[in-house]
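Order of listing sets the numbers, starting from 1, for every ligand and every atom in it.
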Amino acid sequence: LQRSTRKTIGVIGGGIVGISCALFLQRSGHVVEVIDYAGPGEGASSGNAGIIALSEVVPLSTMSTLAQLPSLLLSKTSPLRVRASYLPRAAPWLLRFVLACREKRLRAIETALNGLLSNSWASWTEIVRGTDGEHLLSRAGWLQVFETAASLARRQTTINRKRRFGILIEEVGPAEIRQLEPALAPRFAGGLYYPKNGLVHDPLKMVQALAESFVATGGAYHRERVMTIDPAQENQVKIQTDTARRNYDAIVVAAGAWSRSLVRALGYDMPLDTERGYHLMLEKPRATITRSVNFPDHGFSLTPIGDAIRLTSGLEFAGLNAHPDFRRIQRLTRHASQMIPELVAVSTSQWLGFRPSFPDSLPVIGALRDHPGVVVAFGHGHLGLTAGPFTGSLVASIMGGVPLPIDMSPFSPDRWR
Ligand SMILES: Cc1cc2nc3c(=O)[nH]c(=O)nc-3n(C[C@H](O)[C@H](O)[C@H](O)COP(=O)(O)OP(=O)(O)OC[C@H]3O[C@@H](n4cnc5c(N)ncnc54)[C@H](O)[C@@H]3O)c2cc1C
C-alpha cells in the first residue's frame, strides 16, 4: 500500500472474527492492532463444535421451528431454554425472530447467508496458508443421523430449501452410515451427509495459530478492555481502554456477543443478544468418530476435537451474566454413550459460550453511516467460525474502498436504525 492509503487500524475483539479481520487488513498493507482483555480465541471461538458449516443456509427462524416452539420450550430435555427471569429482556428479540420466519423474509435471509457461506471455504484456505493453523483444517464432511425414518422425513422441507442453493446433500442408509463412521451404534434409520463441510480440529488452537502469525508479521495484541469509542474527529477514532488511550485512523468492532454496549453510544441500539451454548469434553474412545456427527433427535453433536470428543448442545436465553447451568447438558452424556458404544460418558471439563446473535440470523458487517471510521463485524450467531475468515476479507475490502464480491445490503448495520 502507498503511504497515503495505509491506515492504522484498531480491531476490538480477538475471536475468530476479529483475528480474521486483523490478518486480512494486515495482509492488505495496513498497520493493525488487536485489543482484547482475554487471549486470542478465548470467547465463543474456543468452545464451539468446529464445523465449517457451509451447508447451513437455512436459519433457525422457519415455520417448522415455530411449530415446534411450544414443545421445545416446555420440555426439560430440549436444548432450547429461556430462563424465566430473562423472558422480559428476551421478548423483543423473540418477537423479531418470529417475524423473520415469514416466507419472504426467510428467502431473503437464505440468499444473504448463501452469499456468506458459499465464499467461506476459499477464505478459510487462504487465511490458514503459511500459518500453524493449516494442519488444523480439513474437509472432513458433516453427518446428521436420525433414529427413525419419520424424523428424517421431517427434514425434507429444509433439504429442499438447501438444495435450491446447490448444497450437496447425500441421503445415506444404515450401511453407508456404518461405512462413514463405524464407531457409531447401529441404531440409525438414516442420515444426511454433507461432503463439502469442513472441520476445524481444535478451534482455540486455530485462533491462537492465526494470532501468532499476525503478531509474527508485526501486528500488536493489547490485553486491555475497551471502555468507550470516540469517533468525534474526522479521520480519527479514539479508544479508551481500562489502562490506555489509543488513536486510530479507523477501527473494527468485532467483540462478539459483547458488542452491543460498545456501539450504543454511537447511536445504534442493535437487538444483539446471546444464544448461550454449552460443551462437555469426553475422553476419546479407541473406536471413535472422524468427523462431527449431529443427532437432531436428541439435540446435540459429538465432534472429535484435539484428543477428546466434544459434546455440544444448548440454546439458552439468559443474557451475558447469569451463572451457567450444566444440568441439561450433563443429562445428555447418557445418550452420548448410546450413540458411540465405546464412549465413557464422564466429562473431563465443561464450558459455557456466548453466541452473538441477531433475531434475523445475519451479522452486521459494514461502516456506520455517521462514523465511516467505525466498521462493525459481529452477530454471526451459529455460524461465526464458518464465516469469520470471509468476514475478515470483506472488512479489508471495505477499509480499502475496493468493490465487494457480494451484496452487502442485508448485513448493513443501518437495518437496525
Ligand atoms: C456451543 C457452540 C457451538 C458452536 N458451533 C459452531 C460451529 O460448529 N460452527 C460455527 O461456524 N460456529 C459455531 N458456533 C458459533 C461461533 O462459535 C461464534 O459465532 C463465533 O465464535 C463468534 O466469534 P466472534 O469472534 O464474533 O466472538 P468471540 O469469539 O466471542 O470473540 C469476541 C471477543 O471480544 C472480546 N471482547 C468483548 N468485549 C470486549 C471489550 N470491551 N474490550 C476488548 N475485548 C472485548 C472477548 O474477550 C472475545 O475474545 C458455536 C457456538 C457455541 C456456543
Side-chain angles (χ1 to χ4, degrees), residues 10-22 33-56 79 113 116-117 120 124 140 142 197-200 203-204 206-208 210-211 221-229 239-243 246 251-263 272 274-280 291-292 294 299-301 303 305 310-316 320 324 329 350-358 361 363-365 376-392:
V11 177
I12 306 173
I16 184 61
V17 176
I19 291 294
S20 296
C21 292
E33 300 186 350
V34 172
I35 312 172
D36 194 319
Y37 54 83
E42 288 178 6
S45 300
S46 62
N48 55 57
I51 309 158
I52 308 294
L54 308 172
S55 58
E56 297 312 283
L113 282 177
L116 270 192
L117 300 180
S120 284
W124 258 111
W142 180 55
N197 283 358
L199 184 64
V200 173
L204 175 61
M206 173 62 92
V207 184
Q208 288 170 338
L210 297 177
Y221 193 101
H222 301 296
R223 291 282 296 251
E224 293 166 20
R225 183 184 296 272
V226 173
M227 313 302 284
T228 55
I229 299 167
I239 284 181
Q240 178 70 52
T241 77
D242 48 358
T243 55
R246 302 189 174 279
I251 65 157
V252 181
V253 183
W258 298 269
S259 302
R260 182 175 186 165
S261 59
L262 287 173
V263 296
L272 182 78
T274 181
E275 294 171 86
R276 298 156 48 118
Y278 293 86
H279 88 213
L280 300 178
R291 55 175 69 76
S292 186
N294 175 241
F300 69 88
S301 293
T303 311
I305 298 282
R310 179 172 289 174
L311 190 168
T312 47
S313 182
L315 211 165
E316 182 185 49
L320 291 166
I329 191 161
Q350 48 189 18
W351 175 85
L352 161 67
F354 301 90
R355 296 184 191 90
S357 302
F358 282 111
S361 304
V364 289
I365 307 169
V376 292
F378 58 81
H380 294 70
H382 294 248
L383 294 168
L385 183 72
T386 306
F390 184 52
T391 300

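- Contact of the Asn48 side chain with the Thr312 side chain is not registered, since no non-hydrogen atoms from C-beta on lie closer than 4.5 Å.
- A heavy-atom distance below 4.5 Å is found between the side chains of Thr386 and Ile52.
- Below 4.0 Å from some heavy atom of Gly43 lie the following atoms of ligand 1, by number and element: 29 (O), 30 (O), 49 (O).
- Between Thr241 and His222, the side chains place no donor N or O within less than 3.5 Å of an acceptor N or O (distance only, hydrogens not considered).
- Within the 4.5 Å cutoff, no side-chain heavy atoms of Val200 are placed close to those of Ile16.
- Comparing Glu316, His382, Arg355, Glu56 against atom 1 (C) of ligand 1, the shortest heavy-atom distance belongs to Arg355.
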Inset, instruction - Would you sort out whether Val17 and Phe378 count as a side chain to side chain contact (heavy atoms under 4.5 Å, CB included), showing the intermediate values? - result: CA-CA 7 Å; Val17 176; Phe378 58 81; over 6 Å; no
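- An N or O contact shorter than 3.5 Å is missing between Gly14 and ligand 1 by distance.
- At least one donor-acceptor pair under 3.5 Å links the side chain of Arg260 to the backbone N or O of Leu272.
- With atom 39 (C) of ligand 1 as the reference point, the heavy atom nearest to it among Tyr37, Trp142, Trp258 is part of Tyr37.
- Every N/O-N/O distance between Glu275 and ligand 1 stays at or above 3.5 Å.
- When hydrogens are left out, the protein atom nearest atom 20 (C) of ligand 1 is Gly384 CA, 3.8 Å; that is the closest non-hydrogen contact.
- If you check which protein heavy atom lies closest to atom 40 (C) of ligand 1, you get Val226 N, 3.7 Å.
- Near Ile51, with a cut-off below 4.0 Å to any heavy atom, the atoms of ligand 1 are 7 (C), 8 (O), 9 (N), 10 (C), 11 (O).
- When non-hydrogen atoms are compared, ligand 1 lies under 4.0 Å from the backbone of Glu224 (N, CA, C, O) but not from its side chain.
- Those atoms of ligand 1 that come under 4.0 Å of a heavy atom in Ile35, given as number and element, are 43 (C), 44 (N).
- Given atom 30 (O) of ligand 1, the protein heavy atom at minimum distance is Ala44 N, 2.9 Å.
- Within the 4.5 Å cutoff, side-chain heavy atoms of Leu385 are placed close to those of Trp124.
- Remark: the backbone N or O of Pro79 is not paired with any side-chain donor or acceptor of Ser313 at under 3.5 angstrom.
- With respect to atom 33 (C) of ligand 1, the closest heavy atom belonging to the protein is Asp36 OD2, 3.4 Å.
- The aromatic rings of Phe354 and Trp258 stand perpendicular to each other, their planes meeting at an angle above 60°, with 30° marking the opposite boundary.
- Listed by number with element, the atoms of ligand 1 under 4.0 angstrom from any heavy atom of Ile16 are 23 (O), 25 (O).
- Ala49 N, 3.0 Å is the protein heavy atom nearest to atom 5 (N) of ligand 1.
- Ranked by closest heavy atom to atom 22 (C) of ligand 1, the top entry among Gly256, Gly15, Pro356 is Pro356.
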Inset, instruction - Show your working on side chain to side chain contact (heavy atoms under 4.5 Å, CB included) between Arg246 and Glu33 and close with a plain yes or no. - result: CA-CA 10 Å; Arg246 302 189 174 279; Glu33 300 186 350; 4.1 Å; yes
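- Using 4.0 Å as the threshold, His279 has no heavy atom nearer than that to any atom of ligand 1.
- A distance of 10.0 Å separates CZ in Arg355 from CG in Leu383, rounded to the nearest 0.5 Å.
- In this structure, the protein non-hydrogen atom closest to atom 23 (O) of ligand 1 is Ser45 OG, 3.3 Å.
- Proximity annotation for atom 6 (C) of ligand 1: of Asn294, Val200, Asn48, Leu383, Asn48 comes nearest, heavy atoms only.
- At least one heavy atom of Gly381 sits less than 4.0 Å from an atom of ligand 1.
- Tested against Val226 for a side chain to side chain contact (heavy atoms under 4.5 Å, CB included), the candidates Asp242, Ile239, Asp36 yield a single pass: Ile239.
- No part of Thr241 comes within 4.0 Å of ligand 1, judged by heavy-atom distances.
- For Gly50, the closest heavy-atom approach to ligand 1 falls below 4.0 Å.
- You'll find the side chain of Leu311 stays beyond 4.5 Å of the side chain of Gln350, heavy atoms only.
- Distance from atom 25 (O) of ligand 1 to its nearest protein heavy atom, with residue and atom name: Val17 N, 3.1 Å.
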